[in-house]
Amino acid sequence: MENFNQTLPDMFYLLGLSTVPHLQVIGSLMFVVMYTITLAGNCLLLITVRISPKLHTPMYFFLSNLSFIDICFTSTIVPVILRNTLSTDKSISVGGCMVQMLCYLGIGGAECLLLAIMAYDRFVAICRPLHYVSIMNTRFCIILALIPWILAFLNSSIQVHITWRLPFCKSHHINYFFCEVPPLLRLSCRDTWLNEISMYLATGIIALGAFSLTLISYIYIIATILKMHSSRSRYAVFSTCSSHLTVVTLYYGTIMSIYLQPRSNHSVEKDKFVSVLYTVVTPMFNPIIYSIRNKEVKTCIVTNLKQIIYPPV
């Protein structure tokens with residue numbers, strides 16, 4: 001315990017995405033724009049679902065949860081990036097680093113699991129339409145919405161605990177733009193094989209498990225679509241699912257490329273780029289994808305805007 005206390009610093013220093021000044025300025029502007037779009041798009045989607053009775057269905061209940069998660073997820077990362085880029089002080093306290101890691105892993109894991117639940121919802125709606133209302137009742141939907149948060153933060157707590165039991169004596173400079181597990185493991189002077197196994201297991205159970213459940217759901221969905229005689233019906237069903245498939249491909253692909261590759265294959269610059277994709281870019285695109293490709297959402301947004309701009313007399 002004495003050795004642990006001596007090798008745990010009071011502060012860490014985040015080196016960020018780049019040390020080139022003009023790239024830092026360009027990067028900061030891009031992050032401000034993306035963060036603004038993320039907040040505006042997801043808040044608009046949340047408000048639209050809330051005030052539109054037509055959207056009070058399980059599908060949009062889970063979509064609202066996804067928007068809330070995206071707001072929280074990107075808010076754990078972007079403000080820290082902007083502070084460290086615009087300020088000369090690149091430090092982050094050990095407590096702040098722990099909290100960021102806990103929230104980031106918990107919220108990210110919750111999104112993984114929620115995407116699988118959204119795929120299950122589409123499976124029930126398309127493959128079991130006559131039983132959809134009885135299966136996806138309010139109580140069951142609330143339970144399904146809570147499960148990702150409970151499981152993800154349980155895993156997050158374990159990962160944070162075992163990570164911060166390590167002695168960090170190689171350096172206190174994290175070559176990353178937030179407190180992420182792989183870069184911190186590189187700073188430890190102790191063998192981190194147990195942490196790496198735990199990280200692979202967690203990713204395997206949460207990301208690969210959620211991806212497998214999503215894949216199984218869509219195998220059944222595609223089989224059902226192919227059995228439909230009407231091309232219009234096939235198009236309508238597929239257009240409903242295509243938004244979700246796009247989001248799933250973006251999110252699971254980037255997550256697994258970070259956490260499932262061996263430590264020897266990690267490239268810091270590549271990992272930074274991939275991390276930006278799933279922590280900032282994907283939350284920005286999610287509401288855009290769901291709005292553009294979803295006729296019901298677009299109709300409700302236009303209707304609500306018209307009522308605001310031209311209120312009924």
Using distance only, find each side-chain donor-acceptor pair of residues 67-80 under 3.5 Å and give its atom names and separation, not counting sequence neighbours.
unit_1, atom_1, unit_2, atom_2, d
Ser67, OG, Asn42, OD1, 3.3
Ser67, OG, Leu63, O, 3.4
Asp70, OD2, Asn286, ND2, 2.7
Thr74, OG1, Thr279, O, 3.4
Ser75, OG, Tyr35, OH, 2.8
Ser75, OG, Ile71, O, 2.6
Thr76, OG1, Phe73, O, 2.7

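A distance-only check finds no donor-acceptor pair linking the side chain of Ser156 to the backbone of Ala152 [under 3.5 Å]. Tyr132 contributes no side-chain N or O that, together with a main-chain N or O of Cys127, makes up a donor-acceptor pair within less than 3.5 Å. In terms of modelled atom types and a separation under 3.5 Å, the side chain of Asn137 and the main chain of Ser134 share a donor-acceptor contact. Looking at Asn84, its side chain never comes within 3.5 Å of a backbone N or O of Gly16 through a donor-acceptor pair. Within the 3.5 Å criterion, the main-chain N or O of Phe61 finds a donor-acceptor partner in the side chain of Asn65. Distance alone, capped at 3.5 Å, places no donor-acceptor pair between the Thr192 side chain and the Asn195 backbone.
Side-chain contact between Leu82 and Phe31 is present, with at least one heavy-atom pair separated by less than 4.5 Å. Proximity of Tyr252 to Thr214: side-chain heavy atoms (C-beta onward) are separated by under 4.5 Å at one or more points. Side-chain contact between Met199 and Pro182 is present, with heavy atoms from C-beta onward closer than 4.5 Å. Contact check for Trp164 versus Cys97: side-chain heavy atoms found under the 4.5 Å cut-off. Under the 4.5 Å side-chain criterion, counting only non-hydrogen atoms from C-beta, Met11 is not in contact with His172. Counting heavy atoms from C-beta outward, Ser275 and Val280 have side chains that stay 4.5 Å or more apart. By the 4.5 Å heavy-atom criterion applied to side chains, Phe285 and Thr282 are not counted as neighbours. Taking the side chain as every heavy atom from C-beta outward, Asn175 and Arg186 never approach each other to under 4.5 Å.
One side chain, Tyr104 or Glu180, offers a donor N or O that lies under 3.5 Å from an acceptor on the other.
Note: Tyr60 and Phe62 fail the aromatic proximity criterion, with ring centroids not under 6.0 Å apart. For Phe12 and Phe168, the distance between ring centers is under 6.0 angstrom.
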Practice prompt. Report the C-alpha separation of Phe177 and Val276 in whole Å, then their side-chain angles, then the decisive distance to 0.1 Å, and conclude whether the side-chain contact (heavy atoms from CB on, under 4.5 Å) test is met.
Written response: CA-CA 9 Å; Phe177 56 97; Val276 169; 3.8 Å; yes
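Between the CH2 atom of Trp193 and the CG atom of Asp191 there is a distance of 8.0 Å, given to the nearest 0.5 Å.
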